[in-house]
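One structure is given here, and the rest of the page talks about it.
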Amino acid sequence: MHVEALETLPALRDALAIADPILVGHSDGASIALIHAGARRWPVRGLILEAPHVFVEDVTVASIAAAKEAYRTTDLRTRLARYHGDVDGAFRGWNDIWLDAEFRGWNIEDHLPAVACPVLAIQGEDDEYGTSAQLDAIAAKVAGPVETLLLPNCKHAPHRDQPDATLVAMARFVAGLKSSPLPLAGEG
C-alpha cells in the first residue's frame, strides 16, 4: 500500500495533471489515500474513506481467510473476473499479503497525525472486514477535521449496501470543502 500511495498515485496525479484532488478510497484504497495524504508531499483537498483499515484486526484476517476458501470452492473467482484482467493475480496479491503472518503487525496510525485535510470516514456496522475501531482511530489521530459515519444494515461496501446514504454524505462533504489545499509539510 505504501508503494501505491507514495509512488503509483503521485505518478498518476502527475500524468493526469491532478493538482487539488479529493481522494476517494475503499478498503485498502482508503488506506492508500491516508498514507498519501499523511506524507504531506502533495496537496490533497479532502479524503473520503469507505471501510478504511489503519491496523489489522482479527475479524479482518478471519474474513480474508474465509474469502480464500470461497475463492477456491465457489464461483467467487468467476464473479471477480468481470473486474480484473488477471483475477488470480489480483485476488492473491490482496489475499496472500493480508494472511501473511508478518503482515499482522501492519499499522499506519503513525501517518494519521500528518493528515491535515478534511476526512469523511464511512463504515458499515456489519463490516465483515473491520470494526468501528478503525473509525475511532482515524477520528482520534487525524490532525484535520474528521467526520465519521457508521451505517446500519451495511457491510464492507457502503457504496453498494447503502448507496443513497453514502452518496448523500459524500456530496455534502465535497460541497463543504474549500477549493485550495492545505500547505504541504515544511510550508508553514
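Everything quoted here is computed from the prediction, not taken from an experiment.
- Residues Pro21 and Arg13 are in side-chain contact: their nearest non-hydrogen atoms beyond the backbone lie under 4.5 Å apart.
- Closest approach of Gly124 to Pro158, counting heavy atoms only: N-CG, 4.2 Å.
- Take Ile32 and apply the side-chain contact (heavy atoms from CB on, under 4.5 Å) test, not counting sequence neighbours, and it matches Met1, Glu4, Ala5.
- Of the listed residues (Trp106, Phe103, Trp94, Trp98), just one forms a ring-ring contact (aromatic ring centres under 6.0 Å, His included) with His53, and that residue is Trp98.
- Residues Ile122 and Leu120 have side chains in contact (heavy-atom distance under 4.5 Å, counting atoms from C-beta outward).
- Taking all atoms of both residues into account, the shortest heavy-atom contact from Ala65 to Leu99 is N-CD2, 3.7 Å.
- Heavy-atom minimum distance, Ala114 versus Gly38: CB-O, 3.1 Å.
- To the nearest 0.5 Å, atom SG of residue Cys154 and atom CD of residue Glu125 are 9.0 Å apart.
- Residue Glu102 qualifies as open at atom CD: its count of foreign heavy atoms under 6.0 Å is 12 or below.
- Taking 4.5 Å as the limit, some side-chain heavy atom of Arg104 sits within range of a side-chain heavy atom of Asp58.
- Looking at heavy atoms from C-beta onward, Asn107 lies out of side-chain contact with Val54 at the 4.5 angstrom threshold.
- Here CZ of Phe173 is found 10.0 Å from CE of Met170. Values are rounded to the nearest 0.5 Å.
- Looking only at distances, no side-chain donor or acceptor of Glu147 sits under 3.5 Å from a matching main-chain atom of Ala121.
- Formation of a donor-acceptor pair under 3.5 Å by the Arg40 side chain with backbone atoms of Val115 is not found in this model.
- By the rule that hydrophobic residues join a cluster once side-chain heavy atoms approach within less than 4.5 Å of another member, Tyr129 and Leu80 end up as members of one cluster.
- Using a 4.5 Å cut-off between side-chain heavy atoms of Ile, Leu, Val, Met, Phe, Trp and Tyr, with links allowed through other members, Leu149 and Ile22 fall into the same hydrophobic cluster.
- In this structure, a donor-acceptor pair under 3.5 Å is absent between the side chains of His111 and His36.
- The cluster map of Ile, Leu, Val, Met, Phe, Trp and Tyr, joined by side-chain heavy atoms under 4.5 Å apart, puts Val56 and Leu34 in the same cluster.
- Here side-chain hydrogen bond (donor to acceptor under 3.5 Å, both in side chains) pairs that include residues 134-146, with residues two or more places apart or in two chains, are Glu57-Gln134, Glu109-Lys141.
- Taking the side chain as every heavy atom from C-beta outward, Ile18 and Trp42 never approach each other to under 4.5 Å.
- Placement of Ile108 and Leu135 in two distinct hydrophobic clusters is found when ILVMFWY residues are connected by side-chain heavy-atom separations under 4.5 Å, directly or transitively.
- When all heavy atoms are compared, the tightest approach of Ala33 to Leu23 is CB-CB, 4.1 Å.
- Atom CG of Leu76 and atom CD of Glu69 lie 11.5 Å apart (nearest 0.5 Å).
- Between Val87 and Arg77, some side-chain heavy-atom pair lies under the 4.5 Å cut-off.
- Salt-bridge formation is detected for the pair Arg79/Asp75: a Lys NZ or Arg NE/NH1/NH2 atom is positioned less than 4.0 Å from an Asp or Glu carboxylate oxygen.
- Identified under the side-chain hydrogen bond (donor to acceptor under 3.5 Å, both in side chains) test for residues 154-166, with sequence neighbours left out: Ser27-His156, Glu50-His159, Asp127-His156.
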Task: Verdict with supporting geometry, Asp86 and Arg92, salt bridge (Lys or Arg N to Asp or Glu O under 4.0 Å) - done: CA-CA 10 Å; Asp86 177 8; Arg92 289 191 181 112; over 6 Å; no
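- When every heavy atom of Ala139 is checked against every heavy atom of Thr148, the shortest pair comes out as CB-CG2, 4.1 Å.
- The two residues Gln123 and Gly130 make their nearest non-hydrogen contact at NE2-O, 3.0 Å.
- Ser31 places no side-chain N or O within 3.5 Å of a backbone atom of Pro52 that could act as its donor or acceptor partner.
- No chain of hydrophobic side-chain contacts below 4.5 Å, direct or via other Ile, Leu, Val, Met, Phe, Trp or Tyr residues, connects Ile138 to Leu150.
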